[in-house]
Amino acid sequence: MIKGIKGVKDLLPEETPRWRLIEEAARRWADRYGFHEIRIPIFEVTTLFARSIGASTDIVEKEMYTFQDRDGTSLTLRPEGTAGTVRAYIEHNRAAVPVPQKYFYFGPMFRHERPQAGRLRQFHQFGVESFGIADPRADVEVIALLWRFLNDLGLQGLTLEINNLGCPADRDVYRPRLVTYLQQHEPHLCTNCQRRVETNPLRVLDCKVPECRIITEKAPRLADSLSETPRTYFAGVLRGLDLIHIPYSLNHRLVRGLDYYNLTTFEVTATNLGAQNAVGAGGRYDGLVDTLSGPPTPAVGFAVGFERIAMLLPESVLHASPVQVIVYVAAFGDEGSIAGLSVLEKLRASGIAAVSDFRASTLKAHLRQADRLGCGFTVILGDDEVHTGTVILRNMVTKGQSDLPLSSLSVAIQPLLTTS
RNA sequence: GUGGGUGUAGCUCAGUUGGUUAGAGCGCCGGAUUGUGGAUCCGGAGGUCGCGGGUUCGAAACCCGUCAUCCACCCCA
């Protein structure tokens with residue numbers, strides 16, 4: 001048997017309603033905030049990701065699905081959506097369009113990691129990117145969209161954490177100060193963090209080991225190394241969130257794994273989600289468009305993980321959606337079976353959802369299938385009914401039955417199709 | 001890439017110190033009901049015990065290897 005690839009999952013029909021619910025909510029909220037859908041390729045030239053995400057990040061170093069095109073060009077399945085969106089923004093010169101360029105996207109992303117709870121090799125994200133607006137209100141708008149969307153889905157136990165990364169120059173000032181401090185306490189750090197002091201000192205702040213947390217609690221803070229402009233900007237973001245009542249908590253430890261973030265960075269985490277507890281995250285990336293040879297363009301965005309939202313989605317939200325009435329056509333006998341095919345088609349043509357199981361040859365088998373398929377009504381049509389020119393309409397809930405004319409069934413049936 | 005758990009019927013799982021024909025519940029099919037579903041009762045079908053090797057008179061069980069899957073680390077949505 002040929003099986004699916006490790007970490008790549010099928011979404012069977014039982015699960016797709018849950019996903020559609022999330023997609024529809026995402027579209028609804030993106031629309032309300034004035035974001036427009038962009039559809040970008042799921043693969044790009046490898047250098048796009050290497051340059052945007054950062055050559056020394058884990059994603060680029062060991063998690064990308066990279067392969068050669070026939071002419072030898074190195075291509076990569078997208079590990080995230082921002083790089084491709086920025087590439088499209090530059091390539092189509094969207095900076096010249098005189099209205100705000102605010103995009104959203106859906107789709108699969110690919111990272112070669114070991115699967116675990118809430119993490120797959122092919123996973124799905126909804127993301128938004130807001131280009132060209134260097135105003136705290138753009139950050140607030142993006143964060144608000146994220147927060148309203150998640151709340152609309154009824155997700156519980158969410159926390160919005162936010163931090164100010166400042167500009168790259170601020171971090172260049174801060175990093176040596178942090179490293180000096182960490183080196184003084186290096187023997188007491190976990191082995192991971194001892195390594196991180198060299199490779200990525202800011203990540204030590206994010207470590208969950210209690211001993212490391214005690215040390216980093218007293219470490220110099222990035223906030224104290226920031227210059228005046230980022231401080232003012234970030235204060236504006238927080239003021240905006242306060243004004244529209246988005247609850248957040250400041251987390252000076254929050255540093256993102258991707259190189260392109262600056263200023264505002266945020267993350268929504270959930271309890272009851274296992275070890276991978278980030279539902280969505282994002283931030284400002286003012287330097288990225290420039291890095292990819294576009295015009296200097298401020299930008300801010302986020303991405304959320306569909307799989308993680310789906311895990312948190314309460315059943316009540318799923319059952320709240322209205323149930324469509326489906327008519328089952330139980331056609332049996334030589335003449336009934338033939339007449340049933342026409343009835344099915346006429347019902348469908350008049351806008352009624354109608355199904356049948358052609359394997360069933362007895363009324364008993366048909367009714368059993370109607371029940372299993374959750375049909376509210378069954379049209380019973382055997383040879384006897386063909387001869388009298390009628391059908392029997394059975395309400396599967398009340399068990400009430402009535403005769404209807406076969407010739408004008410799709411009209412006669414309409415007023416009766418209420419389950420109440 | 002590293003560590004741990006789990007692989008037995010369609011699904012969830014039992015299976016004693018190694019012992020003869022591998023079980024249960026749910027589901028499925030049929031009958032009780034010859035043209036009326038769900039409930040009940042009765043009957044039935046369904047297994048490469050993940051795979052390969054080894055130990056043994058005898059392996060689902062013990063050993064080695066391998067694969068799959070889950071969880072965790074790393075890292076991230």
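This is a predicted model, so every value here is computed, not measured.
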Enquirer: Mind checking the P distance from B:G50 to B:U8? Whole angstroms is fine.
Expert: 6 Å
Enquirer: Measure the shortest side-chain to side-chain distance between A:Cys193 and A:His185 over non-hydrogen atoms and say whether it is less than 4.5 angstrom.
Expert: no
Enquirer: I need the single residue from A:Arg171, A:Arg177, A:His252 that forms a side-chain contact (heavy atoms from CB on, under 4.5 Å) with A:Leu222. Which is it?
Expert: A:Arg171
Enquirer: Consider side-chain contact (heavy atoms from CB on, under 4.5 Å). Of A:Leu344, A:Leu373, A:Val379, which one does A:Tyr328 pass it with?
Expert: A:Leu373
Enquirer: Take the protein atom OH of A:Tyr261 and the nucleotide atom C1' of B:C76, then report the distance between them rounded to whole Å.
Expert: 11 Å
Enquirer: Taking the P atom in each of B:G3 and B:G65, what is the distance between them to the nearest angstrom?
Expert: 13 Å
Enquirer: Are A:Lys102 and A:Glu141 close enough for a salt bridge, meaning some N to O gap below 4.0 Å?
Expert: yes
Enquirer: Consider the side chain of A:Lys399, meaning its heavy atoms from C-beta on, and name the nucleotide among B:A77, B:C71, B:G37 that approaches it most closely.
Expert: B:G37
Enquirer: Is A:Gly118 touching bases, backbone alone, or none of the nucleic acid, heavy atoms closer than 4.0 Å?
Expert: base
Enquirer: Any donor-acceptor pair under 3.5 Å between the side chain of A:Arg119 and the base of B:C75?
Expert: yes
Enquirer: Take atom C1' in B:U2 and the same atom in B:C11, then report the distance between them in whole Å.
Expert: 33 Å
Enquirer: By the 4.0 Å heavy-atom rule, please label A:Ile309 as base, sugar-phosphate, or nothing.
Expert: nothing
Enquirer: Would you check if the distance from the ring center of A:Tyr103 to the ring center of A:Phe131 is below 6.0 Å?
Expert: yes
Enquirer: Reckon A:Phe332 touches a base, only the sugar-phosphate, or nothing at all at heavy-atom distances under 4.0 Å?
Expert: base
Enquirer: Check the distance between B:C76's C1' and A:Asn277's CG and give it to me in whole angstrom.
Expert: 10 Å
Enquirer: Once the angle between the rings of A:Tyr261 and A:Tyr285 is folded into 0 to 90°, is it parallel (under 30°), tilted (30 to 60°) or perpendicular (over 60°)?
Expert: perpendicular
Enquirer: Start at the 5' end of RNA chain B and walk down; is the nucleotide closest to A:Gln401 or to A:Arg111 reached first?
Expert: A:Gln401
Enquirer: CZ of A:Phe106 versus C1' of B:A77: gap in Å, rounded?
Expert: 15 Å
Enquirer: With P as the reference atom in both, quote the distance from B:G54 to B:A45 in angstrom, rounded to an integer.
Expert: 35 Å
Enquirer: Can you confirm whether A:Val300 sits close enough to A:Thr264 that some side-chain heavy atom of one is under 4.5 Å from a side-chain heavy atom of the other?
Expert: no
Enquirer: With a 4.0 Å limit, can you tell me whether A:Arg308 has a side-chain N or O closer than that to the phosphate oxygens OP1/OP2 of B:C76?
Expert: no
Enquirer: If pairs are Watson-Crick or G-U with both distances under 3.5 Å, what is the dot-bracket string of RNA chain B, marking crossing pairs with [ ] and pairs to another strand with |?
Expert: (((((((..((((.....[...)))).(((((.......))))).....(((((..]....))))))))))))....
Enquirer: Side chain of A:Ile392: nearest nucleotide among B:U36, B:C75, B:C70?
Expert: B:U36
Enquirer: Heavy atoms only, 4.0 Å cut-off, all strands: where does A:Met109 land among base, sugar-phosphate and nothing?
Expert: nothing
Enquirer: Categorize A:Ala370 for me: base, sugar-phosphate, or nothing, with a 4.0 angstrom heavy-atom threshold over every strand shown.
Expert: nothing
Enquirer: Could you please name the option among B:A77, B:C76, B:A72 that lies closest to any side-chain atom of A:Gln276?
Expert: B:C76
Enquirer: Quick check: on RNA chain B, is the nucleotide nearest A:Ala281 upstream (toward 5') of the one nearest A:Lys62, or the reverse? Name the residue that is more 5'.
Expert: A:Lys62
Enquirer: To the nearest Å, give me how far apart CE (A:Met311) and C1' (B:C76) are.
Expert: 13 Å
Enquirer: Is it the case that the ring center of A:Phe126 lies less than 6.0 angstrom away from the ring center of A:Phe149?
Expert: yes
Enquirer: On a whole-Å scale, what distance lies between the C1' atoms belonging to B:U17 and B:C13?
Expert: 23 Å
Enquirer: If we take the C1' atom in both B:A59 and B:G18, what is their distance in whole Å?
Expert: 6 Å
Enquirer: Side chain of A:Asp371 only, heavy atoms from C-beta on: which candidate in B:G37, B:C75, B:A77 is closest?
Expert: B:G37
Enquirer: Using a 4.0 Å heavy-atom cut-off, does A:Glu61 contact any base of the nucleic acid, only the sugar-phosphate backbone, or nothing at all?
Expert: nothing
Enquirer: Does a side-chain N-to-carboxylate-O contact under 4.0 Å join A:Asp152 and A:Arg28?
Expert: yes
Enquirer: With a 3.5 Å cut-off and just heavy-atom distances, do the side chain of A:Glu63 and the base of B:G1 make a donor-acceptor pair?
Expert: no
Enquirer: Would you measure the distance from the P atom in B:G58 across to the matching atom in B:A68 and give it in whole Å?
Expert: 32 Å
Enquirer: In this structure, how many angstroms lie between the P atom of B:C76 and the CZ atom of A:Phe123, rounded?
Expert: 12 Å
Enquirer: Where the side chain of A:Arg114 is defined as all heavy atoms beyond and including C-beta, which of B:G37, B:U2, B:C75 is the nearest nucleotide?
Expert: B:U2
Enquirer: Going by an N to O cut-off under 4.0 Å, is there a salt bridge joining A:Arg368 and A:Asp371?
Expert: no
Enquirer: Among residues at least two apart in sequence or on other chains, which ones pass side chain to side chain donor-acceptor pair (under 3.5 Å) with A:Glu63?
Expert: none
Enquirer: Look at A:Lys6 and B:U69 and indicate whether a side-chain polar atom (N or O) is within less than 4.0 Å of OP1 or OP2.
Expert: yes
Enquirer: Roughly how many Å is it from CG in A:Asp206 to C1' in B:C74, rounded to a whole number?
Expert: 13 Å
Enquirer: Closer than 3.5 angstrom, by distance alone: can the side chain of A:Arg253 be matched with the main-chain N or O of A:Leu205 as a donor-acceptor pair?
Expert: yes
Enquirer: Which part of the nucleic acid, if any, lies within reach of A:Leu120 when heavy atoms closer than 4.0 Å are counted: base, sugar-phosphate only, or nothing?
Expert: base
Enquirer: Nearest to the side chain of A:Ile380 - B:G35, B:A72, B:C70?
Expert: B:G35
Enquirer: For A:Lys3, which contact category applies under a 4.0 Å heavy-atom criterion: base, sugar-phosphate, or nothing?
Expert: sugar-phosphate
Enquirer: Rounded off to whole Å, could you give me the CG-to-P distance for the A:Leu189 and B:C74 pair?
Expert: 14 Å
Enquirer: Whole angstrom is fine here: how far is it from CD in A:Gln116 over to P in B:C74?
Expert: 10 Å
Enquirer: Summarise how protein sits on nucleotides 27-34 of chain B as a single string, 5' to 3': B when a protein heavy atom is under 4.0 Å from the base, S for sugar-phosphate-only contact, - for no contact.
Expert: -SSS--B-
Enquirer: What I want to check is whether the side chains of A:Thr390 and A:Asp403 have a donor and an acceptor closer together than 3.5 Å.
Expert: no
Enquirer: Distance check, C1' atoms only: B:U20 and B:U12, in whole angstrom units.
Expert: 29 Å
